[in-house]
Amino acid sequence: MKKMKTIKKILTGFITACMVLSAGSITAFAAEADISNSNSLGSSLVQYAMNSGWAASIPAFITPSVQDEVNTNQYSVDVSDIVLGNTEKLVTTIEYDGKLVEANGVEIPYTLYDANGEVTTGNEIISTDSGNPNAVASYSFGAALNQKAKYAGTYTGTATFNFTAEEKIYTAEEIENDAHLFGIGATKSEYVISKFNDDFTEVTIFSNGKDSDGEMMSFQSRQSPMRAYNSTLKKAIIESKVHSVSNNSFYGCASLTDLIISSGVNSIDDYAFSNCTSLEDIAISDGLTSIGENAFGSCTSLRNLTIPNSVTSIGNGAFWDCSSLNTIILSRNMKTINARTFYSCTSLENIEIPVGITSISSEAFFNCTALKNIELPNSITAIGDNAFSSTGLTEIVIPDGVTAIERRTFYDCPSLRRIELPNSVTSIGELAFYSCKSLSEVNVPNSVTTIGNEAFSGCSSLTNITIPDNVTSIGSKTFSACLALSEITIGSGTSNIANNAFYKCSNIQTISGHSGTYAETWANSNGYTFVAID
């Protein structure tokens, strides 16, 4: 077994002449008070805050008893609400100068005693292991003069208590022999540890010692230790020195409800929390830079989420099928919303697309049926196929800079009434607005040169449409089943219209266009009234 290493954090408290509390500095506390034989005894509550926080009650002053007489219960140091890192324990030692100074400057030595007798400098007086948040550690002592006082007056003295958090390093042998410890380090298994509590309802993942690189192993087979307890595990804490939550590490932990990701974690990898169906709300600390593919896929209880601005990338399908997700705030340092990021998030109502996002990839918001409104910033230049298919959108403005409405981009959006296209758009893909049954207002800008097959098929509320001059062909079923379509304007460049382009458009009354163009010929040959716009 390799020798145990320790890392010490020294936190020091003082009891000296006049009472002062200091909780904001690196020293744990300072307490000072005038002391004399006539003073009554007292204590002060001092709180100290850091990553491992605790509170201590200490005597406000020390008044040594007469020569050689001591009450060892006269004073106490009480440490409570100890919250230490998973590998730490609290050790307290004592130091004191053993002198009182009388009014005329004469020093009188004194000695501290506890129940075991004389206390010497460096004595270890309290030792408390981590893991019990309600632990209370007490130490009682007294003080006696080593000689008789010669003068009356105000005496001063000092005693110092050193609170030391010692970090325990688990060896490979200790991990192997403890049913609650699992080495999951990528370089060496013992470099990163997952430590379960007694009933396997809580796990803490931490970096094991100063030599650890903080990297978790990859769980490609989805057989991580956490998955082994997927029916009991309710809480997970990822400590700051662990750099990433590796892929599949919590996959399928269906009872996990509480997740704490500390600020030192850089990435959440692929499928890390996928299928954690009881996970409701997550607090992700700033410092995280990436969220992997399907990282929270099918977390069907997840309701609200804020992505910190440190995140620059979110992988494909990261929140796939998070059917309870209602509100999400995205990082302002992302550039892309990747494919299927919010696929089938059927409760998603509130999302702001930050300025700086340049593209929304395919199926990014597919089947987000509760999504009624979304504002796209001008930074967006590309929107992928099926990006907003089957959503609840009622209207949308496409930013200037987007050049194509891709295949099925707004396929089957039954509530979409209005869409505004910019002059930068040159093509409208196949099935782009298929079955948008409420669509009644759409402008096709002059910049458009191609309109794909069935692009507006099933838009049964559309009453009129203008085909730009640069469109040369109207393809198969482009406007089929547009039951309310009554007025069509066909541009001068159109030279071909498929036989079924306006299939089941029984309400067409007039065809408008330039005299002598294909539009006039087609209108006359199909029995429509032609209206010249020359």
Side-chain angles (χ1 to χ4, degrees), residues 83 85-86 131 133 179-184 192-207 216-285 287-288 290-308 311 314-315 317-328 341-345 347-348:
V83 182
N86 206 58
H180 294 82
L181 295 176
F182 295 89
I184 58 172
V192 178
I193 306 295
S194 59
K195 181 178 182 180
F196 291 84
N197 63 352
D198 289 342
D199 59 1
F200 293 93
T201 58
E202 181 175 323
V203 67
T204 301
I205 297 177
F206 56 91
S207 177
M216 287 176 61
M217 68 171 62
S218 174
F219 296 104
Q220 294 289 359
S221 66
R222 298 179 180 172
Q223 295 301 315
S224 70
M226 284 65 77
R227 182 165 168 75
Y229 300 101
N230 61 359
S231 61
T232 60
L233 187 61
K234 297 182 184 300
K235 183 176 182 180
I237 302 168
I238 318 297
E239 292 193 348
S240 60
K241 292 182 182 179
V242 177
H243 296 162
S244 64
V245 185
S246 68
N247 56 331
N248 298 295
S249 52
F250 289 87
Y251 183 97
C253 291
S255 58
L256 183 68
T257 60
D258 193 1
L259 173 61
I260 299 172
I261 299 175
S262 301
S263 59
V265 178
N266 297 324
S267 66
I268 299 172
D269 295 342
D270 298 350
Y271 292 87
F273 297 96
S274 185
N275 280 14
C276 291
T277 54
S278 297
L279 196 57
E280 293 185 3
D281 295 297
I282 309 168
I284 301 178
S285 298
L288 188 75
S290 66
I291 297 174
E293 180 178 341
N294 221 298
F296 294 95
S298 296
C299 289
T300 52
S301 296
L302 185 63
R303 297 173 300 178
N304 302 294
L305 186 63
T306 297
I307 307 295
V311 170
I314 297 178
F319 300 97
W320 169 293
D321 192 32
C322 290
S323 55
S324 296
L325 184 63
N326 176 264
T327 300
I328 186 165
T341 299
F342 300 103
Y343 186 104
S344 208
C345 291
S347 298
L348 184 63

Query raised in the report: So T204 and E239, side chain to side chain contact (heavy atoms under 4.5 Å, CB included) or not? Walk me through it.
Result: CA-CA 7 Å; T204 301; E239 292 193 348; 3.5 Å; yes
Report task. Start with the C-alpha distance between S298 and W320, add both sets of side-chain angles, then the distance that settles side chain to side chain contact (heavy atoms under 4.5 Å, CB included), and finish with yes or no. Result -> CA-CA 6 Å; S298 296; W320 169 293; 4.1 Å; yes
Requested in this report: Show your working on side chain to side chain contact (heavy atoms under 4.5 Å, CB included) between V192 and M217 and close with a plain yes or no.
Outcome: CA-CA 9 Å; V192 178; M217 68 171 62; over 6 Å; no
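Shortest non-hydrogen contact noted between K195 and L181 is CG-CD2, 3.5 Å. The two residues E202 and I237 make their nearest non-hydrogen contact at OE2-CD1, 3.7 Å. Nearest heavy-atom pair, L256 versus A236, reported as atom, atom and distance to 0.1 Å: CD1-N, 3.8 Å. In this structure, I205 and S194 approach most closely via the heavy-atom pair CG1-CB, 4.0 Å. Minimum heavy-atom separation, D270 to E293: OD1-N, 2.8 Å.
For F342, the ring pair (Phe, Tyr, Trp, His ring centres under 6.0 Å) criterion is met by F319, F365, not counting sequence neighbours. Every residue meeting the side chain to side chain contact (heavy atoms under 4.5 Å, CB included) condition with S244, not counting sequence neighbours, appears here in chain and number order: E215, S267, D269.
Here F219 and Y271 keep their ring centres 6.0 angstrom or further from each other.
Separating the CG atom in D258 from the NZ atom in K234 is a distance of 11.0 Å, to the nearest 0.5 Å. A distance of 10.0 Å separates CG in L279 from CZ in F250, rounded to the nearest 0.5 Å. Within the model, atoms CG of L305 and CG of L325 stand 7.0 Å from one another, a figure rounded to the nearest 0.5 Å.
Using the six-membered ring where Trp is involved, H180 and F200 have ring planes that are parallel, under 30° apart on the 30 and 60° scheme.
For S285 (side chain) and I261 (main-chain N/O), a donor-acceptor pair under 3.5 Å exists by modelled atom type.
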